[in-house]
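What follows is a short report on a single structure.
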Amino acid sequence: MTMSSAFADRPLKKLLLFDVDETLTPARQRVSPEMLSLLRQLRKKVVIGVVGGSDYTKISEQLTLPGSSSNFLEEFDYAFAENGLIAFKLGKPLPSESFIKFLGEERYKTLVNFILHYIADLDIPIKRGTFVEFRNGMINVSPIGRNATLQERKEFNAYDKQHGVRAAFVKVLREKFQDYGLNYSVGGEISFDVFPTGWDKTFCLRHVVDENFEEIHFFGDKTHQGGNDYEIFSDPRTIGHSVKNPSHTMEILKEMFDL
């Protein structure tokens, strides 16, 4: 089986997929010019894609250099927002899916009401705003609130490592809504995602099967069980690489592909 003519210019029949936060960029911050330059070199040899849990707008902000007028879709062969529920191939959109369609309005309302009551009763050092963020294919839940500053995020992350706030929250939701067909994954510093079972990052793989890649590599930082990179990292269809931060990603790529 050969790759389609779309990628006939690449000498290697390999696809490399990258998480965003702490893989290509520092958490919730912009990509560096050095990283983009390395990815451009890499793209001359292999097919590259990005797969993030965040929505399209956030990923676009993070993967565009300040002051640049170019679209980040031009830098990647595949771009998957919300784990691939919003998907692009060579800049063109692929079919999308919806969390609301899957769950239904009544069940969704019951779930969100429970989450907001739980957060209201949660005793943590600080709370800000935007505790539930509705996305196309999931909801993102943050006990501190997504409006927290970078410093507040870091402080909450340290507090969470000590007290397991997010892990306890997920445990309660798993028990309470076990018949909803949902899964949960803790990612980033302040939140966790709630999505239909199977709609984790492995969802994006259905968009690439038609290309018959010889190898699919995945690079991510939250590759431990319960982390939002775990499913795709451990999937038999991928070769997983666990990274600590963007400079570690660059180090591995330079070594693997002689860049």
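In what follows, residues are counted from 1 in the order of the sequence shown.
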Exercise: identify the closest heavy-atom pair between [X] and [Y]:
X      : Y     : value
Leu90  : Ala6  : CD1-CB, 3.9 Å
Ser54  : Ile59 : O-CD1, 3.5 Å
Asp221 : Asp19 : OD1-OD2, 2.9 Å
Asn136 : Ser96 : ND2-CB, 4.4 Å

> Per the side chain to side chain contact (heavy atoms under 4.5 Å, CB included) rule, which among Asp200, Leu182, Asn228 passes with Phe195?
Replying inline: Asp200
Rounded at 0.5 Å granularity, tell me how far [atom1] in [X] sits from [atom2] in [Y].
X      : Y      : atom1 : atom2 : answer
Phe257 : Ile252 : CZ    : CD1   : 11.0 Å
Asn83  : Trp199 : CG    : CH2   : 10.5 Å
Thr202 : Phe233 : OG1   : CZ    : 14.5 Å
Leu253 : Lys45  : CG    : NZ    : 11.0 Å
Leu39  : Met250 : CG    : CE    : 8.0 Å
Met138 : Asp55  : CE    : CG    : 9.5 Å

> Quick one: which of Lys44, Arg43, Lys14 gives a salt bridge (Lys or Arg N to Asp or Glu O under 4.0 Å) with Asp77?
Replying inline: Arg43
Quick one: are [X] and [Y] in side-chain contact, heavy atoms under 4.5 Å?
X      : Y      : result
Leu17  : His217 : no
Leu111 : Leu103 : yes
Phe99  : Pro196 : yes
Glu215 : Leu15  : no
Tyr78  : Cys204 : no
Val194 : Asn140 : no
Ser185 : Phe192 : no
Leu38  : Leu259 : yes

>> Phe18: which residues meet the ring-ring contact (aromatic ring centres under 6.0 Å, His included) condition with it, sequence neighbours left out?
In response: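 For Phe18, the residues satisfying ring-ring contact (aromatic ring centres under 6.0 Å, His included) (neighbours in sequence not counted) are Phe219.
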> Looking at residues at least two apart in the chain, or sitting in another chain, which of them share a ring-ring contact (aromatic ring centres under 6.0 Å, His included) with Tyr230?
Replying inline: none
Are [X] and [Y] ion-paired here, with the side-chain N under 4.0 Å from a carboxylate O?
X      : Y      : result
Lys161 : Glu189 : no
Glu75  : Arg40  : yes
Lys201 : Glu231 : no
Arg107 : Asp179 : yes
Glu133 : Lys58  : yes

> Are Phe134 and Tyr108 close enough that their ring centres sit under 6.0 Å apart?
Replying inline: yes
> Mind checking whether Phe72 and Tyr56 have ring centres under 6.0 Å apart?
Replying inline: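 Aromatic pair counts; centres sit under 6.0 Å.
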> Looking at residues at least two apart in the chain, or sitting in another chain, which of them share a side chain to side chain donor-acceptor pair (under 3.5 Å) with Glu175?
Replying inline: Lys171
> Does the side chain of Ser242 come under 3.5 Å of the side chain of Thr223 through a donor N or O and an acceptor N or O?
Replying inline: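 Side chains of Ser242 and Thr223: pair found under 3.5 Å.
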> Mind checking whether Phe203 and His207 have parallel, tilted or perpendicular rings, split at 30° and 60°?
Replying inline: perpendicular
> Is it true that a side-chain atom of Thr64 and a backbone atom of Ser60 form a donor plus acceptor pair closer than 3.5 Å?
Replying inline: yes
>> Going by side chain to side chain donor-acceptor pair (under 3.5 Å), Asp21 matches just one of Gln29, Gln62, Arg28. Which one?
In response: Gln62
